[in-house]
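A quick write-up on the structure given underneath.
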Number of protein chains: 2
Amino acid sequence: MTNLNAKKPKPAFSKRKRVPSAQAQEYILQAAGELFYKEGIRAVSVDSVVEQAGMNKMTLYRQFSSKDELILAYLDRQSKQFWEEWEASLAKHPHQPRRQIIQLFTDLADKSSVIGYRGCCFSHIATEFPDPEHPARQLVFAHKKAVIQKLVELTKAMNAPDPEILAHSLALWIEGAYAASQTFGADSDTIRMLPVIVEKLLDEAAPH
Amino acid sequence: MTNLNAKKPKPAFSKRKRVPSAQAQEYILQAAGELFYKEGIRAVSVDSVVEQAGMNKMTLYRQFSSKDELILAYLDRQSKQFWEEWEASLAKHPHQPRRQIIQLFTDLADKSSVIGYRGCCFSHIATEFPDPEHPARQLVFAHKKAVIQKLVELTKAMNAPDPEILAHSLALWIEGAYAASQTFGADSDTIRMLPVIVEKLLDEAAPH
DNA sequence: TATCATTGTTACCGATCAGTAACATCCTAA
DNA sequence: TTAGGATGTTACTGATCGGTAACAATGATA
């Protein structure tokens with residue numbers, strides 16, 4: 001009752017296995033990736049990340065000094081994965097920028113049609129963290145800027161008369177697809193039309 | 001010390017003014033509108049809404065049975081405002097659907113360039129409430145569907161050969177503009193190009 | 001074998017959250 | 001004048017949040 005400092009002996013089951021910090025970090029980032037994307041970043045507690053990872057909260061806080069830092073690590077991972085998928089799309093049609101662009105959108109439409117798809121995790125950040133000065137927002141800014149830059153390279157490579165305009169048009173559709181996939185779910189007319197309208201735009205912007 | 005049930009007499013300043021419930025509701029919805037949009041819905045507490053409104057928490061809970069219900073009322077308001085602005089854009093060029101569409105995007109670009117603009121509050125909901133069955137999500141779904149429907153009406157009115165395709169193309173750009181304005185802020189190349197690319201698309205989709 | 005940094009575990013902190021009970025005060029209508 | 005419903009105010013609940021202290025167990029190295 002009054003013995004506030006009582007130490008419970010605890011059976012000390014010692015079910016615990018020692019996990020090297022690098023692997024623990026991996027588990028935690030994987031769990032964070034799933035939960036943040038599925039449920040939203042603010043909605044996911046550090047405790048639930050830890051539980052999903054099968055780790056202990058202290059283990060997390062020994063790797064990441066705060067939830068914010070965990071979020072940054074999460075975004076870093078997502079960005080790497082994004083560019084891997086991007087390059088995978090391009091690799092299907094080497095040196096054919098027009099077909100590469102169409103492939104990007106076809107793959108995007110495919111991904112958007114998977115149940116559980118929730119759009120772009122970077123856009124989620126922009127919504128969930130209104131302060132543009134937040135470090136996570138800076139990562140979002142850099143990421144989206146890089147996407148436009150890569151699109152410009154592609155539209156230049158296909159000799160579009162106005163590569164900037166075309167690239168921004170495409171970038172807006174990418175963003176739109178992210179949003180639409182969230183609103184309308186896996187079965188969306190808009191998403192289904194996406195590759196078609198891109199092809200039409202490319203035809204008109206730079207006849208081949 | 002131990003007198004837990006002590007009632008503090010309170011000077012009873014009686015600074016309180018009685019406000020009829022309808023007006024209280026108005027104050028609360030106005031405060032909720034500002035805060036939800038600016039800071040995000042999950043990030044805004046009921047207490048802060050109440051404080052911003054200059055009301056008391058009980059006053060809020062006598063009008064809205066829960067925060068969720070307040071959110072629904074907030075969305076209802078935003079939807080009404082959205083359609084008012086939409087109609088205002090159309091009214092600038094009666095019976096000229098092509099110019100009406102361009103006006104919609106011009107006005108959208110203008111709004112997106114205002115400091116503090118945070119994109120589409122309905123898209124925020126989709127991000128912040130992952131459960132598609134959430135009543136707020138249903139409102140978002142209905143709203144976005146209505147937008148596409150209205151766009152189809154416009155593209156049909158301008159005798160586009162494929163009004164559905166054109167309408168969805170435009171809808172994707174609207175969504176994209178919302179997202180881009182958040183990422184890049186008030187000074188965005190993408191947003192600046194928006195009216196131009198729309199005009200180009202309209203020219204090519206349905207020559208006038 | 002002894003050392004000691006690393007890892008595992010529990011219990012806790014103060015803050016904040018959505019929501020409510022209980023009571024004080026006011027205003028209107030009869 | 002009075003009764004009673006509407007409104008104002010305070011203080012509270014139980015849950016959850018991000019983050020930490022303190023200590024126990026472990027295992028590689030010397």
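When reading the values below, keep in mind they use all heavy atoms of this one structure, side chains included, and skip hydrogens, waters and symmetry mates. Quantities reported herein were computed from a predicted structural model and do not represent experimental measurements. Proteins get letters first, then strands, A, B, ... in listed order; numbering begins at 1 in each.
Ion pairing between a basic and an acidic side chain is recognised when a charged N comes within 4.0 Å of a carboxylate O; Arg77(A) and Glu26(A) show such pairing. Between Lys57(B) and Asp47(B), at least one side-chain nitrogen of the basic residue sits less than 4.0 Å from a carboxylate oxygen of the acidic one, meeting the salt-bridge criterion. The pair Glu128(A)-Arg42(B) does not meet the salt-bridge criterion, since no charged nitrogen lies less than 4.0 angstrom from a carboxylate oxygen. The existence of a salt bridge linking Asp76(B) and Lys80(B) is confirmed by a sub-4.0 Å separation between a basic side-chain nitrogen and an acidic carboxylate oxygen.
For the contact set between residues 57-69 of chain B and DNA chain C, defined by any heavy atom under 4.0 Å, the members are Lys57(B), Met58(B), Tyr61(B), Arg62(B), Ser66(B), Lys67(B). Residues from residues 25-41 of chain B placing a heavy atom under 4.0 Å of any atom in DNA chain C do not occur.
Taking the six-membered ring where tryptophan is involved, the planes of His143(B) and Phe82(B) are perpendicular, since the angle between them exceeds 60° and thus also 30°.
For the residue pair Gln30(A) and Glu34(A), no side-chain donor N or O sits within less than 3.5 Å of a side-chain acceptor on the partner.
The CG-C1' distance, from Asn56(B) to dT7(D), rounds to 9 Å in whole Å. Spacing between atom CG of Asp47(B) and atom C1' of dA15(C) amounts to 12 Å, rounded to whole angstrom units.
Close to dT16(C), at under 4.0 Å from its OP1 or OP2, lies no side-chain N or O of Ser45(B).
Heavy atoms of Val49(A) sit nowhere under 4.0 angstrom from any nucleic acid atom.
The 5' end of DNA chain C is approached more closely, in terms of each residue's nearest nucleotide, by Ala24(A) than by the other of Ala24(A) and Arg42(B).
When atom types are taken as modelled, the side chain of Ser113(A) and the backbone of Ala109(A) share a donor-acceptor pair closer than 3.5 angstrom.
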Check your understanding: Can Gln103(A) and His93(A) be said to form a side-chain hydrogen bond (donor to acceptor under 3.5 Å, both in side chains), step by step?
Key -> CA-CA 8 Å; Gln103(A) 190 67 49; His93(A) 311 284; 2.8 Å; yes
